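Counting starts at 1 for both ligands and their atoms, in listed order. Heads up: numbering here begins at 1 and tracks the sequence. Please read all numbers here as calculations on a predicted model, not as lab measurements. All values below were derived from every heavy atom in this structure, side-chain atoms included, with hydrogens, water molecules and symmetry-related copies excluded.
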Amino acid sequence: MAIQRTLSIIKPDAIAKNVIGDIIRRFEENGLSIIAMKMTHLSAAEAGRFYAVHAERPFYKDLCTFMSSGPILAMCLEGKNAIALNRQLMGATNPKEAEEGTIRADHADSIDANAVHGSDSEENAAIEINFFFSDLDIHSRS
Ligand code: CMP
(Lines give C-alpha, C1' and ligand atoms only; values in the text may rest on other atoms or scores of the structure.)
Protein backbone atom coordinates (compact mmCIF):
# COMPACT_ATOMS: atom_id res chain seq x y z
CA MET A 1 0.00 0.00 0.00
CA ALA A 2 1.32 3.39 -0.98
CA ILE A 3 1.90 6.27 1.42
CA GLN A 4 -0.62 8.94 0.45
CA ARG A 5 -1.66 12.40 1.59
CA THR A 6 -5.24 13.58 1.91
CA LEU A 7 -7.05 16.73 2.97
CA SER A 8 -9.32 16.51 5.99
CA ILE A 9 -11.61 19.30 7.18
CA ILE A 10 -13.37 19.36 10.52
CA LYS A 11 -16.49 21.35 9.61
CA PRO A 12 -18.18 24.16 11.58
CA ASP A 13 -20.75 21.82 13.21
CA ALA A 14 -18.09 19.54 14.70
CA ILE A 15 -15.96 22.52 15.79
CA ALA A 16 -19.03 23.94 17.59
CA LYS A 17 -19.54 20.58 19.35
CA ASN A 18 -15.96 20.68 20.66
CA VAL A 19 -15.07 17.25 19.27
CA ILE A 20 -11.79 18.13 17.51
CA GLY A 21 -9.83 15.90 19.89
CA ASP A 22 -12.09 12.89 19.39
CA ILE A 23 -11.80 13.17 15.59
CA ILE A 24 -8.03 13.59 15.60
CA ARG A 25 -7.66 10.65 18.00
CA ARG A 26 -9.38 8.41 15.44
CA PHE A 27 -6.94 9.49 12.72
CA GLU A 28 -3.86 8.93 14.86
CA GLU A 29 -5.05 5.62 16.33
CA ASN A 30 -5.61 4.33 12.79
CA GLY A 31 -2.14 5.14 11.50
CA LEU A 32 -2.70 8.59 9.97
CA SER A 33 -0.28 11.39 10.88
CA ILE A 34 -1.22 15.08 10.82
CA ILE A 35 1.52 16.73 8.77
CA ALA A 36 -0.13 20.17 8.42
CA MET A 37 -2.95 21.86 10.33
CA LYS A 38 -4.74 25.21 10.16
CA MET A 39 -7.85 26.66 11.82
CA THR A 40 -9.51 29.23 9.60
CA HIS A 41 -12.88 30.80 8.87
CA LEU A 42 -13.67 30.78 5.16
CA SER A 43 -15.72 33.48 3.46
CA ALA A 44 -18.62 32.20 1.32
CA ALA A 45 -16.56 33.04 -1.77
CA GLU A 46 -13.58 31.00 -0.49
CA ALA A 47 -15.86 28.07 0.34
CA GLY A 48 -17.24 28.40 -3.19
CA ARG A 49 -13.74 28.18 -4.65
CA PHE A 50 -12.91 25.12 -2.53
CA TYR A 51 -16.12 23.33 -3.61
CA ALA A 52 -16.07 24.63 -7.21
CA VAL A 53 -16.42 21.04 -8.45
CA HIS A 54 -19.99 21.09 -7.01
CA ALA A 55 -20.92 24.50 -8.51
CA GLU A 56 -23.72 23.05 -10.63
CA ARG A 57 -25.23 20.92 -7.85
CA PRO A 58 -28.48 22.06 -6.21
CA PHE A 59 -26.88 21.99 -2.74
CA TYR A 60 -23.90 24.23 -3.69
CA LYS A 61 -25.22 27.52 -2.24
CA ASP A 62 -26.28 25.92 1.07
CA LEU A 63 -22.92 24.10 1.22
CA CYS A 64 -20.99 27.38 0.82
CA THR A 65 -23.20 29.13 3.41
CA PHE A 66 -22.67 26.31 5.89
CA MET A 67 -18.92 25.99 5.33
CA SER A 68 -18.50 29.74 5.95
CA SER A 69 -20.78 29.77 9.04
CA GLY A 70 -17.94 29.24 11.54
CA PRO A 71 -14.32 28.18 11.89
CA ILE A 72 -13.04 24.97 10.34
CA LEU A 73 -9.89 22.92 10.93
CA ALA A 74 -8.04 21.93 7.76
CA MET A 75 -5.48 19.14 8.04
CA CYS A 76 -3.16 17.28 5.73
CA LEU A 77 -3.12 13.61 6.76
CA GLU A 78 -0.39 11.21 5.69
CA GLY A 79 -0.26 7.44 5.89
CA LYS A 80 -0.69 4.13 4.09
CA ASN A 81 -3.74 4.29 1.82
CA ALA A 82 -4.65 7.61 3.51
CA ILE A 83 -7.42 8.63 1.10
CA ALA A 84 -9.52 5.47 1.43
CA LEU A 85 -8.68 5.04 5.12
CA ASN A 86 -9.85 8.58 5.93
CA ARG A 87 -13.08 8.01 4.00
CA GLN A 88 -13.64 4.74 5.88
CA LEU A 89 -13.15 6.50 9.22
CA MET A 90 -15.53 9.33 8.15
CA GLY A 91 -18.38 7.06 7.03
CA ALA A 92 -20.99 7.82 4.34
CA THR A 93 -21.68 11.44 3.33
CA ASN A 94 -25.24 11.13 4.63
CA PRO A 95 -24.93 10.31 8.35
CA LYS A 96 -28.16 8.27 8.16
CA GLU A 97 -26.21 5.84 5.95
CA ALA A 98 -22.93 6.00 7.88
CA GLU A 99 -21.69 2.77 9.45
CA GLU A 100 -21.76 2.53 13.23
CA GLY A 101 -18.57 3.79 14.89
CA THR A 102 -17.65 6.18 12.07
CA ILE A 103 -17.06 9.90 12.65
CA ARG A 104 -20.25 10.89 10.82
CA ALA A 105 -22.39 8.27 12.60
CA ASP A 106 -21.14 9.61 15.94
CA HIS A 107 -20.96 13.37 15.28
CA ALA A 108 -22.94 14.40 12.16
CA ASP A 109 -26.51 15.70 12.22
CA SER A 110 -27.40 15.90 8.51
CA ILE A 111 -25.96 15.60 5.01
CA ASP A 112 -25.07 19.33 5.21
CA ALA A 113 -23.76 19.40 8.79
CA ASN A 114 -21.80 16.18 8.35
CA ALA A 115 -18.82 16.92 10.62
CA VAL A 116 -15.92 16.22 8.26
CA HIS A 117 -14.72 16.42 4.66
CA GLY A 118 -12.12 14.15 3.06
CA SER A 119 -10.56 14.13 -0.41
CA ASP A 120 -11.99 11.48 -2.74
CA SER A 121 -9.02 10.86 -5.07
CA GLU A 122 -5.27 11.47 -5.37
CA GLU A 123 -5.90 14.20 -7.93
CA ASN A 124 -8.40 16.05 -5.72
CA ALA A 125 -6.24 15.52 -2.62
CA ALA A 126 -3.35 17.37 -4.30
CA ILE A 127 -5.66 20.24 -5.34
CA GLU A 128 -7.33 20.46 -1.92
CA ILE A 129 -4.07 20.29 0.09
CA ASN A 130 -2.68 23.04 -2.12
CA PHE A 131 -5.79 25.17 -1.43
CA PHE A 132 -4.92 25.43 2.27
CA PHE A 133 -1.19 24.72 2.56
CA SER A 134 2.10 25.66 0.93
CA ASP A 135 5.09 23.30 0.86
CA LEU A 136 6.55 25.16 3.85
CA ASP A 137 3.49 24.27 5.99
CA ILE A 138 3.79 20.50 5.36
CA HIS A 139 6.03 18.33 7.54
CA SER A 140 6.13 14.79 6.16
CA ARG A 141 6.87 11.96 8.59
CA SER A 142 7.15 9.16 6.02
P1 CMP B 1 -18.27 16.79 1.54
O2 CMP B 1 -17.57 15.50 1.65
O3 CMP B 1 -17.67 17.96 2.24
O4 CMP B 1 -18.44 17.17 -0.01
C5 CMP B 1 -19.48 18.00 -0.49
C6 CMP B 1 -20.55 18.24 0.53
O7 CMP B 1 -21.81 18.65 0.05
C8 CMP B 1 -20.84 16.94 1.27
O9 CMP B 1 -19.76 16.60 2.10
C10 CMP B 1 -22.14 17.29 1.99
O11 CMP B 1 -21.93 17.91 3.24
C12 CMP B 1 -22.78 18.33 1.04
N13 CMP B 1 -24.00 17.81 0.41
C14 CMP B 1 -25.25 18.31 0.59
N15 CMP B 1 -26.15 17.62 -0.13
C16 CMP B 1 -25.46 16.65 -0.79
C17 CMP B 1 -25.83 15.60 -1.68
N18 CMP B 1 -27.10 15.40 -2.05
N19 CMP B 1 -24.87 14.78 -2.16
C20 CMP B 1 -23.56 14.97 -1.80
N21 CMP B 1 -23.14 15.95 -0.96
C22 CMP B 1 -24.09 16.78 -0.45
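- Note on ligand 1: Arg87 sits outside its first shell, no heavy atom being nearer than 4.0 Å.
- Remark: Asp13 CG to Asp109 CG distance equals 6.5 Å, nearest 0.5 Å.
- At least one side-chain heavy atom of Thr93 sits under 4.5 Å from a side-chain heavy atom of Arg104.
- Phe27 contributes atom CZ, which lies 14.5 Å from atom CD of Glu78 (distance to the nearest 0.5 angstrom).
- Among protein heavy atoms, atom 6 (C) of ligand 1 sits closest to Leu63 CD1, 3.6 Å.
- In this structure, Phe66 falls outside the shell of residues with a heavy atom less than 4.0 angstrom from ligand 1.
- When only interatomic distances are considered, the shortest N/O to N/O separation between Ile111 and ligand 1 falls below 3.5 Å.
- Nearest protein heavy-atom contact of atom 1 (P) of ligand 1 is His117 ND1, 3.4 Å.
- Counting atoms of ligand 1 from 1 in the listed order, those under 4.0 Å from a heavy atom of Lys11 are 1 (P), 3 (O), 9 (O), 11 (O).
- Closest to atom 14 (C) of ligand 1, if we only count protein heavy atoms, is Asp112 OD1, 3.4 Å.
- Ligand-side atoms of ligand 1 in range of Tyr51: 1 (P), 3 (O), 4 (O), 5 (C), range being under 4.0 angstrom from any heavy atom.
- With values rounded to the nearest 0.5 angstrom, Ile9 atom CD1 is found 3.5 Å from Phe50 atom CZ.
- When only non-hydrogen protein atoms are considered, atom 21 (N) of ligand 1 lies nearest to Phe59 CZ, 3.6 Å.
- With respect to the salt-bridge test (charged N to carboxylate O, under 4.0 angstrom), the residues Asp106 and Arg26 qualify.
- Counting heavy-atom neighbours within 6.0 Å of Lys80 NZ, excluding the residue itself, gives a total of 12 or less.
- Listed by number with element, the atoms of ligand 1 under 4.0 angstrom from any heavy atom of Arg104 are 2 (O).
- Rounding to the nearest 0.5 Å places CZ of Arg87 at 8.0 Å from NE2 of His117.
- Of all the heavy atoms of Thr93, the ones lying under 4.0 Å from any atom of ligand 1 belong exclusively to the side chain.
- Counting only distance, with no hydrogens or angles, the side chain of Ser33 and the backbone of Ile35 share no donor-acceptor pair below 3.5 Å.
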